[in-house]
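Take a look at the structure set out below.
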2 protein chains.
Amino acid sequence: MSTKNAANPLALENQVCFSLYSATNAMIRAYRPLLDELSLTYPQYLVMMVLWQEPGISVKTLGEKLHLDSGTLTPLLKRLETKELVSRGRSELDERVRVLHVTDAGRQLHQQALSIPEQMRCKVGGTLEELAQLKQLCDHAFAMLNSGEATSCEM
Amino acid sequence: MSTKNAANPLALENQVCFSLYSATNAMIRAYRPLLDELSLTYPQYLVMMVLWQEPGISVKTLGEKLHLDSGTLTPLLKRLETKELVSRGRSELDERVRVLHVTDAGRQLHQQALSIPEQMRCKVGGTLEELAQLKQLCDHAFAMLNSGEATSCEM
DNA sequence: CACACATTAATTGCGCGCAATGTAATACCT
DNA sequence: AGGTATTACATTGCGCGCAATTAATGTGTG
(Lines give C-alpha, C1' and ligand atoms only; values in the text may rest on other atoms or scores of the structure.)
Protein backbone atom coordinates (compact mmCIF):
# COMPACT_ATOMS: atom_id res chain seq x y z
CA MET A 1 0.00 0.00 0.00
CA SER A 2 0.86 3.68 -0.31
CA THR A 3 2.70 3.46 -3.60
CA LYS A 4 2.70 5.91 -6.46
CA ASN A 5 -0.82 4.72 -7.41
CA ALA A 6 -2.48 6.33 -4.42
CA ALA A 7 -5.07 8.22 -6.46
CA ASN A 8 -4.70 6.77 -9.96
CA PRO A 9 -8.26 5.99 -11.03
CA LEU A 10 -6.95 3.51 -13.62
CA ALA A 11 -4.92 1.50 -11.11
CA LEU A 12 -6.11 -2.02 -10.47
CA GLU A 13 -6.00 -1.68 -6.70
CA ASN A 14 -8.47 1.21 -6.80
CA GLN A 15 -11.10 -0.65 -8.81
CA VAL A 16 -14.19 -1.69 -6.90
CA CYS A 17 -15.37 -3.54 -9.99
CA PHE A 18 -12.23 -5.62 -10.20
CA SER A 19 -12.72 -6.69 -6.59
CA LEU A 20 -16.30 -7.63 -7.37
CA TYR A 21 -15.21 -9.51 -10.48
CA SER A 22 -12.42 -11.40 -8.68
CA ALA A 23 -14.61 -12.25 -5.72
CA THR A 24 -17.27 -13.67 -8.03
CA ASN A 25 -14.74 -15.78 -9.93
CA ALA A 26 -13.32 -17.05 -6.63
CA MET A 27 -16.79 -17.78 -5.36
CA ILE A 28 -17.68 -19.85 -8.41
CA ARG A 29 -14.36 -21.71 -8.09
CA ALA A 30 -15.16 -22.43 -4.44
CA TYR A 31 -18.59 -23.81 -5.34
CA ARG A 32 -17.10 -26.14 -7.94
CA PRO A 33 -15.93 -29.02 -5.74
CA LEU A 34 -19.22 -28.96 -3.84
CA LEU A 35 -21.34 -28.86 -7.00
CA ASP A 36 -19.24 -31.49 -8.74
CA GLU A 37 -20.83 -33.97 -6.35
CA LEU A 38 -24.19 -33.09 -7.85
CA SER A 39 -22.66 -32.80 -11.33
CA LEU A 40 -23.95 -29.22 -11.55
CA THR A 41 -22.29 -25.97 -12.54
CA TYR A 42 -23.02 -22.85 -10.53
CA PRO A 43 -25.51 -21.42 -13.06
CA GLN A 44 -27.20 -24.82 -13.26
CA TYR A 45 -27.39 -24.83 -9.46
CA LEU A 46 -29.12 -21.44 -9.57
CA VAL A 47 -31.65 -22.77 -12.07
CA MET A 48 -32.32 -25.81 -9.89
CA MET A 49 -32.84 -23.54 -6.87
CA VAL A 50 -35.54 -21.65 -8.72
CA LEU A 51 -37.19 -24.81 -10.03
CA TRP A 52 -37.18 -26.43 -6.60
CA GLN A 53 -39.08 -23.40 -5.36
CA GLU A 54 -41.33 -22.75 -8.34
CA PRO A 55 -42.03 -25.75 -10.53
CA GLY A 56 -43.94 -25.08 -13.73
CA ILE A 57 -42.19 -21.77 -14.35
CA SER A 58 -41.49 -20.48 -17.87
CA VAL A 59 -38.10 -19.70 -19.40
CA LYS A 60 -39.02 -16.04 -19.41
CA THR A 61 -39.87 -15.93 -15.70
CA LEU A 62 -36.81 -17.99 -14.87
CA GLY A 63 -34.72 -15.52 -16.83
CA GLU A 64 -36.23 -12.58 -14.97
CA LYS A 65 -35.41 -14.17 -11.63
CA LEU A 66 -31.82 -15.00 -12.59
CA HIS A 67 -31.26 -11.94 -14.81
CA LEU A 68 -30.29 -14.22 -17.69
CA ASP A 69 -31.69 -14.49 -21.20
CA SER A 70 -32.74 -17.39 -23.42
CA GLY A 71 -29.36 -17.40 -25.15
CA THR A 72 -27.89 -18.53 -21.85
CA LEU A 73 -30.81 -20.52 -20.48
CA THR A 74 -31.94 -22.58 -23.47
CA PRO A 75 -28.69 -24.57 -23.87
CA LEU A 76 -28.28 -24.78 -20.09
CA LEU A 77 -31.79 -26.21 -19.71
CA LYS A 78 -31.13 -28.68 -22.51
CA ARG A 79 -28.10 -29.92 -20.60
CA LEU A 80 -30.19 -30.30 -17.44
CA GLU A 81 -32.76 -32.16 -19.53
CA THR A 82 -30.05 -34.46 -20.89
CA LYS A 83 -29.05 -35.22 -17.30
CA GLU A 84 -32.74 -35.95 -16.69
CA LEU A 85 -32.94 -33.43 -13.88
CA VAL A 86 -35.44 -31.14 -15.62
CA SER A 87 -38.31 -31.56 -18.07
CA ARG A 88 -39.02 -28.93 -20.73
CA GLY A 89 -42.71 -29.15 -21.57
CA ARG A 90 -44.95 -26.79 -23.48
CA SER A 91 -47.81 -24.74 -22.06
CA GLU A 92 -51.18 -25.87 -23.37
CA LEU A 93 -52.58 -22.37 -23.27
CA ASP A 94 -49.66 -20.85 -25.18
CA GLU A 95 -47.54 -23.10 -27.33
CA ARG A 96 -44.68 -20.61 -27.24
CA VAL A 97 -43.87 -20.97 -23.57
CA ARG A 98 -41.85 -23.76 -22.07
CA VAL A 99 -43.09 -25.18 -18.78
CA LEU A 100 -40.13 -26.25 -16.67
CA HIS A 101 -40.30 -28.96 -14.05
CA VAL A 102 -37.78 -30.88 -11.97
CA THR A 103 -37.84 -34.63 -12.42
CA ASP A 104 -37.75 -37.08 -9.52
CA ALA A 105 -33.98 -37.24 -9.85
CA GLY A 106 -33.89 -33.44 -9.80
CA ARG A 107 -35.99 -33.41 -6.66
CA GLN A 108 -33.58 -35.82 -5.00
CA LEU A 109 -30.70 -33.47 -5.70
CA HIS A 110 -32.40 -30.96 -3.41
CA GLN A 111 -31.64 -33.20 -0.45
CA GLN A 112 -27.99 -33.42 -1.37
CA ALA A 113 -27.87 -29.66 -1.87
CA LEU A 114 -29.15 -28.81 1.59
CA SER A 115 -25.68 -28.74 3.14
CA ILE A 116 -24.11 -26.55 0.48
CA PRO A 117 -25.08 -23.10 1.80
CA GLU A 118 -23.54 -23.83 5.19
CA GLN A 119 -20.36 -25.23 3.60
CA MET A 120 -20.01 -22.12 1.47
CA ARG A 121 -20.68 -19.84 4.42
CA CYS A 122 -17.68 -21.42 6.12
CA LYS A 123 -15.50 -21.04 3.07
CA VAL A 124 -16.16 -17.33 2.68
CA GLY A 125 -15.92 -16.65 6.38
CA GLY A 126 -16.98 -13.38 7.89
CA THR A 127 -19.79 -12.68 10.30
CA LEU A 128 -23.43 -12.88 9.34
CA GLU A 129 -23.56 -9.09 9.55
CA GLU A 130 -20.71 -8.74 7.07
CA LEU A 131 -22.34 -11.17 4.66
CA ALA A 132 -25.68 -9.39 4.97
CA GLN A 133 -23.94 -6.12 4.30
CA LEU A 134 -22.08 -7.50 1.28
CA LYS A 135 -25.37 -8.80 -0.10
CA GLN A 136 -27.12 -5.50 0.47
CA LEU A 137 -24.34 -3.50 -1.21
CA CYS A 138 -24.35 -5.88 -4.19
CA ASP A 139 -28.13 -5.70 -4.50
CA HIS A 140 -27.99 -1.94 -4.36
CA ALA A 141 -25.27 -1.74 -6.99
CA PHE A 142 -27.18 -4.16 -9.19
CA ALA A 143 -30.37 -2.11 -8.92
CA MET A 144 -28.52 1.08 -9.85
CA LEU A 145 -26.73 -0.51 -12.78
CA ASN A 146 -29.95 -1.99 -14.13
CA SER A 147 -31.85 1.28 -14.32
CA GLY A 148 -29.74 3.83 -16.10
CA GLU A 149 -30.14 6.48 -13.44
CA ALA A 150 -26.91 8.29 -12.76
CA THR A 151 -26.12 9.85 -9.43
CA SER A 152 -24.50 13.16 -10.05
CA CYS A 153 -22.97 13.11 -13.53
CA GLU A 154 -24.37 14.02 -16.92
CA MET A 155 -26.80 16.29 -15.12
CA MET B 1 -40.34 -9.86 1.52
CA SER B 2 -41.42 -12.04 4.46
CA THR B 3 -42.71 -14.94 2.40
CA LYS B 4 -42.48 -18.62 3.18
CA ASN B 5 -38.77 -18.50 2.26
CA ALA B 6 -37.77 -16.53 5.31
CA ALA B 7 -35.10 -19.00 6.42
CA ASN B 8 -34.78 -21.35 3.46
CA PRO B 9 -31.03 -21.56 2.85
CA LEU B 10 -31.66 -22.72 -0.71
CA ALA B 11 -33.87 -19.76 -1.63
CA LEU B 12 -32.45 -17.40 -4.20
CA GLU B 13 -33.20 -14.29 -2.16
CA ASN B 14 -31.04 -15.56 0.70
CA GLN B 15 -27.95 -16.17 -1.43
CA VAL B 16 -25.11 -13.71 -0.95
CA CYS B 17 -23.29 -15.39 -3.81
CA PHE B 18 -26.14 -14.87 -6.22
CA SER B 19 -26.13 -11.16 -5.40
CA LEU B 20 -22.40 -11.06 -6.00
CA TYR B 21 -22.78 -12.95 -9.27
CA SER B 22 -25.64 -10.74 -10.51
CA ALA B 23 -23.87 -7.54 -9.53
CA THR B 24 -20.75 -8.62 -11.42
CA ASN B 25 -22.74 -9.48 -14.54
CA ALA B 26 -24.55 -6.15 -14.34
CA MET B 27 -21.27 -4.35 -13.83
CA ILE B 28 -19.72 -5.93 -16.91
CA ARG B 29 -22.85 -5.06 -18.90
CA ALA B 30 -22.60 -1.47 -17.71
CA TYR B 31 -18.96 -1.27 -18.79
CA ARG B 32 -19.77 -2.54 -22.26
CA PRO B 33 -21.04 0.66 -23.93
CA LEU B 34 -18.10 2.59 -22.48
CA LEU B 35 -15.53 0.00 -23.52
CA ASP B 36 -17.07 -0.46 -26.95
CA GLU B 37 -15.66 2.98 -27.75
CA LEU B 38 -12.20 1.55 -27.14
CA SER B 39 -13.19 -1.77 -28.74
CA LEU B 40 -12.20 -3.55 -25.54
CA THR B 41 -13.96 -6.14 -23.43
CA TYR B 42 -13.85 -5.83 -19.65
CA PRO B 43 -11.14 -8.49 -19.19
CA GLN B 44 -9.13 -6.85 -21.98
CA TYR B 45 -9.57 -3.52 -20.19
CA LEU B 46 -8.17 -5.08 -17.02
CA VAL B 47 -5.15 -6.36 -18.95
CA MET B 48 -4.57 -2.94 -20.47
CA MET B 49 -4.74 -1.33 -17.02
CA VAL B 50 -1.97 -3.61 -15.80
CA LEU B 51 0.15 -3.06 -18.89
CA TRP B 52 -0.25 0.71 -18.72
CA GLN B 53 1.13 0.52 -15.19
CA GLU B 54 3.75 -2.17 -15.66
CA PRO B 55 5.07 -2.56 -19.19
CA GLY B 56 7.41 -5.46 -19.79
CA ILE B 57 5.49 -7.76 -17.47
CA SER B 58 5.25 -11.53 -18.09
CA VAL B 59 2.09 -13.58 -18.65
CA LYS B 60 2.67 -15.26 -15.31
CA THR B 61 2.89 -12.00 -13.36
CA LEU B 62 -0.07 -10.60 -15.26
CA GLY B 63 -2.02 -13.70 -14.34
CA GLU B 64 -1.11 -13.34 -10.69
CA LYS B 65 -2.32 -9.76 -10.64
CA LEU B 66 -5.61 -10.55 -12.39
CA HIS B 67 -6.08 -14.00 -10.84
CA LEU B 68 -6.36 -15.52 -14.32
CA ASP B 69 -4.39 -18.32 -15.98
CA SER B 70 -2.73 -18.75 -19.35
CA GLY B 71 -5.76 -20.57 -20.70
CA THR B 72 -7.63 -17.30 -20.38
CA LEU B 73 -4.80 -14.87 -21.01
CA THR B 74 -3.04 -16.37 -24.02
CA PRO B 75 -5.99 -16.07 -26.44
CA LEU B 76 -6.98 -12.71 -24.94
CA LEU B 77 -3.46 -11.35 -25.45
CA LYS B 78 -3.43 -12.67 -29.00
CA ARG B 79 -6.61 -10.70 -29.68
CA LEU B 80 -5.03 -7.57 -28.21
CA GLU B 81 -1.99 -8.23 -30.41
CA THR B 82 -4.23 -8.58 -33.47
CA LYS B 83 -5.73 -5.18 -32.62
CA GLU B 84 -2.14 -3.93 -32.41
CA LEU B 85 -2.62 -2.69 -28.86
CA VAL B 86 -0.10 -5.06 -27.29
CA SER B 87 3.14 -6.73 -28.34
CA ARG B 88 4.02 -10.22 -27.16
CA GLY B 89 7.80 -10.49 -27.17
CA ARG B 90 10.11 -13.06 -25.64
CA SER B 91 12.50 -12.53 -22.78
CA GLU B 92 16.12 -12.79 -23.85
CA LEU B 93 17.19 -14.26 -20.53
CA ASP B 94 14.50 -16.93 -20.53
CA GLU B 95 12.99 -17.93 -23.83
CA ARG B 96 9.92 -19.34 -22.07
CA VAL B 97 8.56 -16.06 -20.79
CA ARG B 98 6.57 -13.60 -22.83
CA VAL B 99 7.39 -9.93 -22.36
CA LEU B 100 4.24 -7.87 -22.78
CA HIS B 101 4.24 -4.25 -23.90
CA VAL B 102 1.60 -1.77 -25.00
CA THR B 103 2.07 -0.36 -28.49
CA ASP B 104 1.74 3.34 -29.29
CA ALA B 105 -1.90 2.75 -30.17
CA GLY B 106 -2.35 0.97 -26.86
CA ARG B 107 -0.79 3.90 -25.04
CA GLN B 108 -3.19 6.28 -26.75
CA LEU B 109 -6.12 4.25 -25.46
CA HIS B 110 -5.03 5.21 -21.96
CA GLN B 111 -6.04 8.80 -22.64
CA GLN B 112 -9.48 7.73 -23.84
CA ALA B 113 -9.88 5.48 -20.81
CA LEU B 114 -9.23 8.22 -18.27
CA SER B 115 -12.90 9.19 -18.02
CA ILE B 116 -14.21 5.66 -17.60
CA PRO B 117 -13.77 5.24 -13.82
CA GLU B 118 -15.77 8.40 -13.12
CA GLN B 119 -18.51 7.39 -15.58
CA MET B 120 -18.81 4.00 -13.91
CA ARG B 121 -18.85 5.55 -10.45
CA CYS B 122 -21.91 7.49 -11.52
CA LYS B 123 -23.60 4.43 -12.95
CA VAL B 124 -23.23 2.37 -9.79
CA GLY B 125 -24.10 5.27 -7.54
CA GLY B 126 -23.61 5.06 -3.80
CA THR B 127 -21.31 7.11 -1.63
CA LEU B 128 -17.56 6.72 -1.68
CA GLU B 129 -17.83 5.10 1.74
CA GLU B 130 -20.27 2.50 0.44
CA LEU B 131 -18.04 1.73 -2.53
CA ALA B 132 -14.99 1.46 -0.32
CA GLN B 133 -16.90 -0.87 1.97
CA LEU B 134 -18.10 -3.01 -0.93
CA LYS B 135 -14.54 -3.28 -2.20
CA GLN B 136 -13.22 -4.21 1.22
CA LEU B 137 -15.86 -6.89 1.74
CA CYS B 138 -15.16 -8.35 -1.72
CA ASP B 139 -11.41 -8.35 -1.12
CA HIS B 140 -11.92 -10.06 2.21
CA ALA B 141 -14.20 -12.70 0.73
CA PHE B 142 -11.74 -13.26 -2.10
CA ALA B 143 -8.84 -13.71 0.31
CA MET B 144 -10.81 -16.23 2.36
CA LEU B 145 -11.95 -18.20 -0.67
CA ASN B 146 -8.44 -18.36 -2.06
CA SER B 147 -6.85 -19.91 0.99
CA GLY B 148 -8.84 -22.90 2.07
CA GLU B 149 -9.13 -21.80 5.68
CA ALA B 150 -12.61 -22.37 7.05
CA THR B 151 -14.05 -20.28 9.84
CA SER B 152 -15.84 -22.62 12.16
CA CYS B 153 -16.72 -25.78 10.23
CA GLU B 154 -14.82 -28.98 9.63
CA MET B 155 -12.78 -28.16 12.70
C1' DC C 1 -61.01 -12.25 -41.64
C1' DA C 2 -56.45 -10.18 -42.89
C1' DC C 3 -52.53 -8.05 -41.60
C1' DA C 4 -49.37 -5.55 -38.61
C1' DC C 5 -47.40 -6.06 -34.26
C1' DA C 6 -45.86 -8.21 -30.01
C1' DT C 7 -44.18 -12.03 -27.36
C1' DT C 8 -41.59 -16.39 -26.28
C1' DA C 9 -37.87 -19.30 -27.36
C1' DA C 10 -34.30 -20.91 -30.13
C1' DT C 11 -30.17 -20.12 -32.75
C1' DT C 12 -25.61 -18.18 -34.00
C1' DG C 13 -21.36 -16.24 -33.00
C1' DC C 14 -17.81 -14.57 -29.96
C1' DG C 15 -15.11 -13.95 -25.79
C1' DC C 16 -14.19 -15.35 -21.63
C1' DG C 17 -12.84 -18.74 -17.22
C1' DC C 18 -10.88 -22.74 -16.18
C1' DA C 19 -9.60 -27.76 -15.90
C1' DA C 20 -6.61 -30.78 -18.16
C1' DT C 21 -2.99 -31.72 -21.10
C1' DG C 22 0.98 -30.77 -24.02
C1' DT C 23 5.52 -28.66 -25.17
C1' DA C 24 9.62 -26.37 -24.89
C1' DA C 25 13.06 -24.12 -22.08
C1' DT C 26 15.34 -23.92 -17.76
C1' DA C 27 16.88 -25.46 -13.12
C1' DC C 28 18.40 -28.94 -10.17
C1' DC C 29 20.98 -32.90 -8.66
C1' DT C 30 24.51 -36.27 -8.21
C1' DA D 1 27.54 -33.99 -18.24
C1' DG D 2 23.13 -36.56 -18.04
C1' DG D 3 18.87 -37.30 -16.46
C1' DT D 4 14.90 -35.57 -13.82
C1' DA D 5 11.93 -32.07 -12.17
C1' DT D 6 10.14 -27.65 -12.61
C1' DT D 7 8.55 -23.65 -14.92
C1' DA D 8 6.17 -20.73 -18.52
C1' DC D 9 3.23 -20.74 -21.78
C1' DA D 10 0.09 -22.84 -25.35
C1' DT D 11 -3.73 -25.81 -26.61
C1' DT D 12 -8.14 -28.18 -26.22
C1' DG D 13 -12.63 -28.65 -24.70
C1' DC D 14 -16.72 -27.20 -22.35
C1' DG D 15 -20.07 -24.13 -20.28
C1' DC D 16 -21.49 -19.93 -19.68
C1' DG D 17 -23.19 -14.58 -20.80
C1' DC D 18 -24.89 -11.87 -24.09
C1' DA D 19 -25.75 -9.32 -28.50
C1' DA D 20 -28.14 -10.11 -32.63
C1' DT D 21 -31.09 -12.61 -35.45
C1' DT D 22 -34.71 -15.88 -36.55
C1' DA D 23 -38.97 -18.74 -35.98
C1' DA D 24 -43.21 -19.66 -34.23
C1' DT D 25 -47.18 -18.43 -31.82
C1' DG D 26 -50.39 -15.15 -30.08
C1' DT D 27 -52.88 -10.50 -29.96
C1' DG D 28 -55.08 -6.54 -31.62
C1' DT D 29 -57.11 -3.55 -35.09
C1' DG D 30 -59.54 -2.12 -38.98
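Below, chain A is the first sequence line, B the second, and so on; all start at residue 1.
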### Message
Output the rounded distance in Å from NZ (K60(B)) to C1' (dT26(C)).
### Response
14 Å

### Summary
Rounded to whole Å, CG of L93(B) lies from P of dT26(C) at a distance of 10 Å

### Task
Mark yes or no for whether R107(A), through its side chain, and V102(A), through its backbone, hold a donor-acceptor pair below 3.5 Å.
yes

### Message
If I take atom CZ in residue F18(A) and atom P in nucleotide dG17(C), what distance separates them, rounded to the nearest angstrom?
### Response
11 Å

### Phosphate OP1/OP2 of dT8(C) contacted by S58(A) side-chain N/O (<4.0 Å)
no

#### Entry: Residue that, paired with L40(A), satisfies side chain to side chain contact (heavy atoms under 4.5 Å, CB included) out of I116(A), L46(A), L80(A)
L80(A)

### Message
Distance check needed: dG17(D) C1' versus L145(A) CG, whole Å only.
### Response
16 Å

### Task
Would you kindly give the OH-to-C1' distance between Y45(B) and dG15(C), to the nearest whole Å?
19 Å

### Query
Is the closest basic N to carboxylate O distance between R90(A) and E95(A) below 4.0 Å?
no

### Message
Does dT11(C) have OP1 or OP2 under 4.0 Å away from a side-chain N or O of K78(A)?
### Response
yes

#### Entry: Inter-residue atom distance D69(B).CG - L62(B).CG, 0.5 Å rounding
11.0 Å

### Query
How long is the line joining CZ of F142(B) and P of dG17(C), in whole Å?
13 Å

### Task
Tell me what L73(A) touches on the nucleic acid: a base, only sugar-phosphate, or nothing, going by heavy atoms under 4.0 Å.
nothing

### Task
Spell out, as yes or no, whether a donor-acceptor pair under 3.5 Å connects the side chain of K135(A) to the backbone of L20(B).
no

### Query
Between dC14(C) and R79(B), is there an OP1 or OP2 to side-chain N/O distance shorter than 4.0 Å?
no

### Message
How many whole angstroms separate atom CE of M27(A) from atom P of dG17(C)?
### Response
13 Å

### Message
So, OP1 or OP2 of dA10(D): does either fall under 4.0 Å of a side-chain N or O from R88(B)?
### Response
yes

### Query
Do any side-chain nitrogens or oxygens of Y21(B) fall under 4.0 Å of OP1 or OP2 in dC16(D)?
no

### Selected nucleotide, minimal atom distance to D94(A) side chain, candidates dC18(C), dG26(D), dA25(C)
dG26(D)

### Message
I need the CG-P distance between D36(A) and dG15(D), as an integer number of Å.
### Response
12 Å

### Message
For a quick test of reading the model: is some side-chain N or O of R98(A) closer than 4.0 Å to OP1 or OP2 of dT8(C)?
### Response
no

### Most 5' of G71(B) and T74(A) on DNA chain C, judged by nearest nucleotide
T74(A)

### Distance (rounded to the nearest 0.5 Å) between T24(A) OG1 and R29(A) CZ
10.5 Å

### Nearest to side-chain heavy atoms of T41(B), which nucleotide of dC18(D), dC16(C), dA25(C)
dC16(C)

### Task
Just call it for T72(B): base, sugar-phosphate, or nothing, with non-hydrogen atoms closer than 4.0 Å on any strand.
base

### Task
Decide yes or no, distance alone: a donor-acceptor N/O pair under 3.5 angstrom between the base of dA8(D) and the side-chain of S70(B).
no

### Message
Please determine whether any donor N or O and acceptor N or O are separated by less than 3.5 Å between the side chain of R96(A) and the base of dT8(C).
### Response
no

### Query
So does R32(A) get a side-chain nitrogen or oxygen closer than 4.0 Å to the phosphate oxygens (OP1/OP2) of dC18(C)?
no

### Query
If you look at every strand shown and take non-hydrogen atoms under 4.0 Å, does I28(B) touch a base, only sugar-phosphate, or nothing?
nothing

### Any Q44(A) side-chain nitrogen or oxygen under 4.0 Å from OP1 or OP2 of dC16(D)
yes

